[in-house]
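Heads up, the thing below is written out as structure tokens.
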Protein chains: 2
Amino acid sequence: MRSLAILDSTLREGEQFIKTFFTLEQRVMIVRLLDRLGVTFIEVPSPVSSPETREAIEAICALNLRSHVVAHVRCVEADVQAALDTGVYGLNLFFGTSNELRSYSHGRKIEQIAHDAVPLIRRIREAGRYVRFSAEDAFRSDLVDLLTVFDAVVDAGVERIGLPDTVGIATPRQVDRLVSLIANRYPNVGIEFHGHNDTGCAIANTISAFEAGADCLDVTVMGIGERNGIASLSGIISQLYIHYPDLLAAYDLTQLVELDQYVADCLNINIPYNMPITAPSAFTHRAGVHTKAVLRNPHAYEILNPTDFGVVRHVDVGSRFTGRYAVGHRAVSLGLQLTSEEIAQLTQALKERAERGSLNDEEVNTFILAWYEEKGSLVWER
Amino acid sequence: MRSLAILDSTLREGEQFIKTFFTLEQRVMIVRLLDRLGVTFIEVPSPVSSPETREAIEAICALNLRSHVVAHVRCVEADVQAALDTGVYGLNLFFGTSNELRSYSHGRKIEQIAHDAVPLIRRIREAGRYVRFSAEDAFRSDLVDLLTVFDAVVDAGVERIGLPDTVGIATPRQVDRLVSLIANRYPNVGIEFHGHNDTGCAIANTISAFEAGADCLDVTVMGIGERNGIASLSGIISQLYIHYPDLLAAYDLTQLVELDQYVADCLNINIPYNMPITAPSAFTHRAGVHTKAVLRNPHAYEILNPTDFGVVRHVDVGSRFTGRYAVGHRAVSLGLQLTSEEIAQLTQALKERAERGSLNDEEVNTFILAWYEEKGSLVWER
């Protein structure tokens, strides 16, 4: 079995999301939950960001988690030294290699990038720490430029190279091609992928990178990050659960919902409905065709088992699209015994009521019981 | 240039989202906005759902939109007749072909599915309407079963066949393989794809289907639908904008944000931060490395031009990760002339303040002006 490391960057990339501001207490709680879940790496910002960030990093390192704490650091001597002065397991160096970033971010030529990075990598290795080098904006970088830099950093002793899709431009096919090429050229180092979501393909691109040879995948809780964020932890876990379940053997999947909910609370937002597994709607079924089949066998419209994540399925009965099977099922659960004809009448009545607005579970129950009572009194009157 | 139809199913799939209840007025407003944007098809529920739904469909047909209105209808005689009795352009028939849906949804054998569908397709064609047949849960269906049904419906005269990933299990690679195979076997009919998001790949799968030969892609506004929904309109537009811009020539992209915002308001939710183009954060930049480059040239960290969508970029200056370039830029915009040394001091002061919580634009401006004033008075005192 291939090994796979998940790197969670909620404290680094996730703090670049406009709504994020984590206190020290929140940072500590998040890494505790990530550690319980079982991620391999926890990425933190550069300690030069501020004295408070450096103190938070020290506090996190002092927790002695199973997860490795790695700092995301510019290829600048002062930044590297500051990170080495903390207790982090390793450093994730980054340097923009595309024309766009070379021109408008740091202004360095390709030769200078390698020249700046190599001594820092040697120094980190000599200090006995893990080191990764990422070519920021790899998917807009010229291939010769990319390989020139990677040749140099691999030669200098990096343990992993990173291919971030910094601007969210890549397609799964492009990721497959580039990661395969890089994996063939550098068989003795690991490969990391970091995918932004500007065109909605962050999760697909990240899984494509794994299938092409990447062994470390970047995520954040709920995918928060710059602009539209990156691949979400729950999205990547849903993919692994379906296609590579053995890779999740050491994970405690029941932590996932609590983790997403905790970060959502920190940000004062709801978990988005499009978040696999953890969205409140992820295991909710509405249309009559769906609810009928799911009540007979959930696998009909569910490929993930909610109980594996400590989540409860919800069958919505109170919409204008409700169906007889689900309504009859609910009536039985309320202790009513109805004929097929009665279920059809009740469904019709409920649909008519739902045309003035959907009903929640409690309202549905109240409606059904009231309908039954009224019907009984009508029968009585006859 | 290949042609591509976008089918919006906000009024059908989108109403299966737990939070959705559209009034007639809202349904009409949504289709007007979709029509202005330029989608090819607008999918509505089956008119047998309720008298109110049938009336809404009639009202929408009476608008005489450029977009074609198509009804999503079971392969049941009464449902087909009810749809033919409205003014819809065509019918989208569906029938579950996987073992899971055959066993727990409708209980029909494969031969029965073809037997039920063929006379209905002939009838719709004879009525002069467009007809598509979808094999629900195509990606868990046995290939022989799938081809048996498609052979029969293509022979019966359908104009398009549909391959929905009903449970969100497919990968871009699987979509590529199955759609390619189907496109080769049935060169004279169109192919539609409908991708659910349970494992986070709806957008990537939908684009993969197009690249493999599909000519009609299903979306909803913000991707709302059963469970985690389907591909979002803005996600598919972001993909086409980057990779196939000619296909968007007839679209009015400035309608997109208004449309997403309108539906979000109907649902009483915010547009999720992970929504390409339309999320308030989609063109927001925070980290110092990012803001510096974006202020020099937005293309450094933006692959979509916000002005093409009538949206304004936002450079966040008030976080703990702010940088000197962005702070200096803001100071200039406030009419202040500062030396490099002063900008460094101001940035330091702002970062310290932001460690107690991020500042919004107005608070940043107030902070900078107060800092400048205080500094001036200090100089004065010296």
Side-chain angles (χ1 to χ4, degrees), chain A residues 15-18 21 45 49-50 52 100-101 104-105 167-169 171-172 197-201 203-204 207-208 223-224 226-229 232 235 238-239 242 272-276 279 281-287 289-290 292-293 296-297 299-304 316 320-321 351 355 357-358, chain B residues 15-18 21 45 49-50 52 100-101 104-105 167-169 171-172 197-201 203-204 207-208 223-224 226-229 232 235 238-239 242 272-276 279 281-287 289-290 292-293 296-297 299-304 316 320-321 351 355 357-358:
Chain A
E15 272 242 14
Q16 293 176 221
F17 174 45
I18 185 75
F21 175 85
S49 304
S50 68
E52 288 81 355
E100 286 84 353
L101 294 190
Y104 303 107
S105 175
V167 293
I169 199 172
T171 66
N197 200 42
D198 300 71
T199 52
C201 286
I203 294 168
I207 292 299
S208 179
I224 56 171
E226 287 275 354
R227 307 183 310 279
N228 297 123
S232 61
S238 73
Q239 283 283 328
I242 296 294
Y273 54 84
N274 54 17
M275 204 53 57
S281 60
F283 299 101
T284 295
H285 306 273
R286 179 176 248 191
V289 171
H290 288 230
K292 172 184 169 187
R296 287 170 160 184
N297 185 341
H299 194 54
Y301 284 97
E302 273 177 10
I303 53 169
L304 301 104
D316 175 43
R320 53 167 50 139
F321 298 119
K351 281 168 82 83
E355 279 293 346
S358 303
Chain B
E15 272 244 14
Q16 294 176 217
F17 174 45
I18 185 74
F21 176 85
S49 304
S50 69
E52 287 81 355
E100 287 83 353
L101 294 191
Y104 303 107
S105 176
V167 293
I169 199 172
T171 64
N197 201 42
D198 299 71
T199 51
C201 286
I203 294 167
I207 291 299
S208 179
I224 56 171
E226 287 275 354
R227 308 185 309 279
N228 296 123
S232 61
S238 73
Q239 283 282 327
I242 296 294
Y273 54 82
N274 54 17
M275 205 54 56
S281 60
F283 300 100
T284 295
H285 306 273
R286 180 177 248 190
V289 170
H290 289 230
K292 172 184 168 187
R296 287 170 160 183
N297 184 341
H299 195 53
Y301 284 96
E302 274 176 10
I303 53 169
L304 302 104
D316 176 43
R320 54 168 50 137
F321 298 119
K351 281 167 81 83
E355 279 294 346
S358 302

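No hydrogens, no waters, no symmetry mates; every other heavy atom, side chains included, goes into these values. In the text below, chain A, chain B and the rest are named by the order of the sequence lines, each starting its count at 1.
- Here the SG atom belonging to A/Cys201 is positioned 11.0 Å from the CD1 atom belonging to B/Ile242, to the nearest 0.5 angstrom.
- Here the straight-line distance linking atom OG of A/Ser50 with atom NZ of B/Lys351 works out to 6.5 Å at 0.5 Å rounding.
- Looking at A/Phe321, the atoms closer than 4.5 Å to chain B (heavy atoms on both sides) all sit in the side chain, from C-beta outward.
- With A/Ser281 contributing its side chain and A/Thr284 its backbone, the two residues share no donor-acceptor pair below 3.5 Å.
- Looking at residues two or more places apart in sequence or on another chain, you find no side chain to side chain donor-acceptor pair (under 3.5 Å) involving A/Asn197.
- No other option in A/Glu226, A/Gln239, A/Arg296 has as many heavy-atom pairs under 4.5 Å with chain B as A/Glu226.
- With sequence neighbours excluded, the residues satisfying side chain to side chain donor-acceptor pair (under 3.5 Å) with A/Glu15 are B/Arg320.
- Taking chain A as the reference chain and counting heavy-atom pairs below 4.5 Å, the highest number among B/Leu101, B/Ile224, B/Ile207 is found for B/Leu101.
- Both the backbone and the side chain of A/Ile18 have a heavy atom closer than 4.5 Å to some heavy atom of chain B.
- Options B/Met275, B/Arg227, B/Glu100 differ in how many heavy-atom pairs under 4.5 Å they form with chain A, and the most are formed by B/Arg227.
- Considering only heavy-atom pairs separated by less than 4.5 Å from chain B, the leading option among A/Gly223, A/Gly235, A/Ser49 is A/Ser49.
- Here the CZ atom belonging to A/Phe17 is positioned 11.0 Å from the CG atom belonging to B/Asp316, to the nearest 0.5 angstrom.
- Note: B/Ala287 leads B/Ser208, B/Ala204, B/Ala287 in heavy-atom pairs under 4.5 Å with chain A.
- Residue B/Leu304 touches chain A through its side chain alone, counting heavy-atom pairs closer than 4.5 Å.
- Not one N or O on the side chain of A/Gln16 forms a donor-acceptor pair closer than 3.5 Å with the backbone of B/Arg286.
- The candidate with the highest count of non-hydrogen atom pairs below 4.5 Å against chain A, out of B/Pro45, B/Pro272, B/Gly168, is B/Pro272.
- Only the side chain of B/His290 comes within less than 4.5 Å of a heavy atom of chain A; its backbone N, CA, C and O stay farther away.
- Rounding to the nearest 0.5 angstrom, the gap separating the OG1 atom in B/Thr199 from the CD1 atom in A/Ile303 is 5.0 Å.
- Within the 4.5 angstrom heavy-atom criterion, atoms from both the backbone and the side chain of B/Ile169 approach chain A.
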